[in-house]
Number of protein chains: 2
Amino acid sequence: MRAVPWFLASSLLVAGTLHAGPRATVIPAKAIAAATQLREQALASNLGYEITESLTTEVGPRLAGSEADAHAVQWAQAKFKALGYDKVWLEEVHFPKWERRSEHAAIIGDHAQPLSLIALGGSPGGTVEAEVVRFADLASLEAVPAGSLAGKIAFIDHHMERARDGAGYGMGSKVRGRGPSAAVRAGAAAYLMRSAGTDSHRNPHTGITRFDEGLTPIPAAALATPDAEQLTRLLALGPVRVRVALDCGWDGEATSYNVVGEIRGRSKPGEVVLIGGHLDSWDPGTGAIDDGAGVGLTMAAGALIGEMKQRPARTIRVVAFANEEQGLYGGKAYAARHIGDVGKHQIAAESDFGAGRVYAFRSGAPEYAQGAVKQIADVLAPLGIAHTPDEGGPGPDVGPSATQGVAWASLRQDGTDYFDYHHTPDDTLDKIDPKALAQNVAAYAVFAYLAANADGDFGSEAKKVTPPQE
Amino acid sequence: MRAVPWFLASSLLVAGTLHAGPRATVIPAKAIAAATQLREQALASNLGYEITESLTTEVGPRLAGSEADAHAVQWAQAKFKALGYDKVWLEEVHFPKWERRSEHAAIIGDHAQPLSLIALGGSPGGTVEAEVVRFADLASLEAVPAGSLAGKIAFIDHHMERARDGAGYGMGSKVRGRGPSAAVRAGAAAYLMRSAGTDSHRNPHTGITRFDEGLTPIPAAALATPDAEQLTRLLALGPVRVRVALDCGWDGEATSYNVVGEIRGRSKPGEVVLIGGHLDSWDPGTGAIDDGAGVGLTMAAGALIGEMKQRPARTIRVVAFANEEQGLYGGKAYAARHIGDVGKHQIAAESDFGAGRVYAFRSGAPEYAQGAVKQIADVLAPLGIAHTPDEGGPGPDVGPSATQGVAWASLRQDGTDYFDYHHTPDDTLDKIDPKALAQNVAAYAVFAYLAANADGDFGSEAKKVTPPQE
């Protein structure tokens, strides 16, 4: 998951609800019965975990545009085929390539000691040794006069709050996204931030940042929480000089792929229910919770539907999106390529918030389809999932398609611990509870199967929109 | 804390209990009353935490023999003086110097990805790229024929168990101490182990190792737990090649110092109650739980006793021991220097097991002093500390003195979480609960004060012994 999470973007995406379908969308009783059985099968299956284990073990970290990313694309193609998907293909995605080579930092002088930090994605390389000026929050840095930090290192010490819905990441990701530009405007030579995370380990949190147009980028990095606290304690004793040495930066263009697999529908194969996650990851961990889990659980949900005695009416399309982390490139490319097919998308939902249990469900579908949404919610309820009609939006990669009019659903995951590991070296397989992942597989399988069997639609309709600017 | 913890060494140290004092040792009622008040004052004080914060912030990591270690010695001298200690001095300690410069490892080939690892203290540098052979435990590696691992990397995947008393470290430290020599005997080119720790973070655990005499050392390192699991999963899929590159090694001799501070006793200033911790730390963290806490809490206990209206009869001696981590050099040097003073030591106790609450108390004192031990236990009881006459031994640095006949006490700390952080980058101040640390200060202050006021002794008596070989 990257800078603009779905719960912030949701206000963009509630359009289309005034479209009046011919009649209320309904799910047949036979499909409800089959989905109930599917739910229990999925709960008893370890397939989602096994797929996630395979990706994170055999490929490991897969920074977009890297050799490992290409390996992940091969892996996804092969895995879809091995799982019995009927059709598997690639769709090209282009983006600038950013590379990390090394990063070091240390306090200089009387209290000399190393600091644990990680370059932000999009940071240029460079070595800066300078005095640190601390700001408690983003607003404080944005308020300083232009040029007032000339030759200094700007440091934002914002503390991100823990929340089940990840609400604290709203400001956390702003500190990462806007802080560097604010530092440049203030004249700073480098930018440091306390990690946008909720843990207290020596595993700093990376993530993409952007410099506003016309600004000259400066080295930008995140300190691990204990290191941000150490720096803050030392600053309370007097001036502190820090040496930051980053070797990283943009390096040309890269091509990767959205990898798509389909379980063909029995009677309306041209209409699709889309589920998916993103295939790329940040590089320090193995991308288990972000977003190996999303890929694994949606691949598993599709595969379990494919094994049913009777296929659903519509096709289940599972997409492993390319390069979500650096700017939703895969989601945008999908939306651009399929802009003529909006009406063929029954509904879409993405999993990109870790591997915690799903606790809430909604869809932004129009009123005439909310009866069917309620029917789905009733089958999800035994999984501990509440129907929350007013909360949640599409996942980040589904966002651009939703903006174009594709109907969407939200299966909200418990993200209480998500930002302990998100974008850190600690995003590894051991952080996933196989039982919680199976609950996710069950939820996605039920949702996809029932939506694919509905009599009627969920409101997908092409809109004249300008896609959100990155 | 290093390779040989007190709970393993305790069997060496129960001698001396047959010495019969002239009469039962007793603590006067007035002292009991004063200690009860001292206990409450210590519980309400943040001094132990403040001292620990000062050391771990202003000095940070302090590998024995490094510049930071010298800085720590200056810090300790200055801190004793600032705390009002009556006498502060240094005692030289000599040892070989080991340095860490860098360490990298990666899986090579189809599943190429980096591994998080850390060189073991005492490892030579070197770069090895070879196939990995996994062993579930130390015994399995020790059982292979000599030379059978020629050109391979030996990997012991022992899982250390969590326990309040740290019992799992018995085998964990053996895997670290004996594994490398077993690997050399088997012909291996390098040695890897799953960290001797109980966490699952990308923060590997270092610690000292030794190569048996006559063996040619090989690069030896510990993988973080998630990395050991990753390697094990990949080995289940087929042969795995790993590249290990360590830049580290022994580099001449170094001198550091035991730093000693005394609160002079009112009527028997030549007799001392010794408490302390060790000043050095491993380098990846800031040595907060190992053993900044031990130094901070014993310095604070002495200082609080120094502030009492009436000083105890005997002197409180607080020792910040040099280079515990690489072979108890400070503890051995202290024992060697003070071998003629055994009888002047009323009793000794060291804190070197983190910053968790003390839950049990005992002393190896002879029978005639156990009444006084019980009196101390009664004042400790409201702190949640049980009197456990059969468990516990002196701390590692007190061990050599105890072997020479110095009476000792044990204040056992809850180490349930200790091996989550021990010897890792994650051993930082945020892992310490200030209230738990204050409970430790209260326990040490009560113990030291009461022992220093006892009518009679705890059995210190010079013995003809051979100190334990390192």
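The sequence lines fix the lettering, A, B, ..., with proteins before strands; numbering per chain opens at 1. For clarity, every value in this text was computed on a predicted model and none was experimentally measured.
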Okay, B:T57 and chain A: the region with an atom under 4.5 Å from a heavy atom over there is both
For chain B, find which of A:K431, A:Q230, A:H111, A:H201 contributes the most heavy-atom pairs closer than 4.5 angstrom. A:H201
How far apart are the closest heavy atoms of B:N203 and A:N203, and which atoms are they? ND2-ND2, 3.5 Å
How about A:E50: does its CD atom have over 12 heavy atoms from other parts shown lying under 6.0 Å from it? yes
Is it the side chain or the backbone of B:A224 that comes within 4.5 Å of chain A heavy atoms, both, or neither? neither
B:E67 portion near chain A, given a 4.5 angstrom heavy-atom threshold: neither
Crowded around A:H71 NE2? As in, over 12 foreign heavy atoms under 6.0 Å? yes
Under 4.5 Å to a heavy atom of chain A? For B:L231 that would be neither
Checking B:E229 against chain A: side chain, backbone, both or neither under 4.5 Å from a heavy atom? side chain
Please name the pair of heavy atoms, one in B:T56 and one in A:Q113, separated by the smallest distance, quoted to 0.1 Å. O-OE1, 4.2 Å
What option among B:I107, B:L429, B:V59 has the most heavy-atom pairs under 4.5 Å with chain A? B:L429
Tell me the closest heavy-atom pair linking A:T428 and B:P226, and the distance in Å. OG1-CB, 3.8 Å
Name the region of B:D110, side chain, backbone, both or neither, that has any atom closer than 4.5 Å to a heavy atom of chain A. backbone
What are the two closest heavy atoms between A:D426 and B:S200, and how far apart are they? OD1-O, 3.9 Å
So which residue, B:T286, B:L234, B:L237, ends up with the most heavy-atom pairs under 4.5 Å with chain A? B:L234
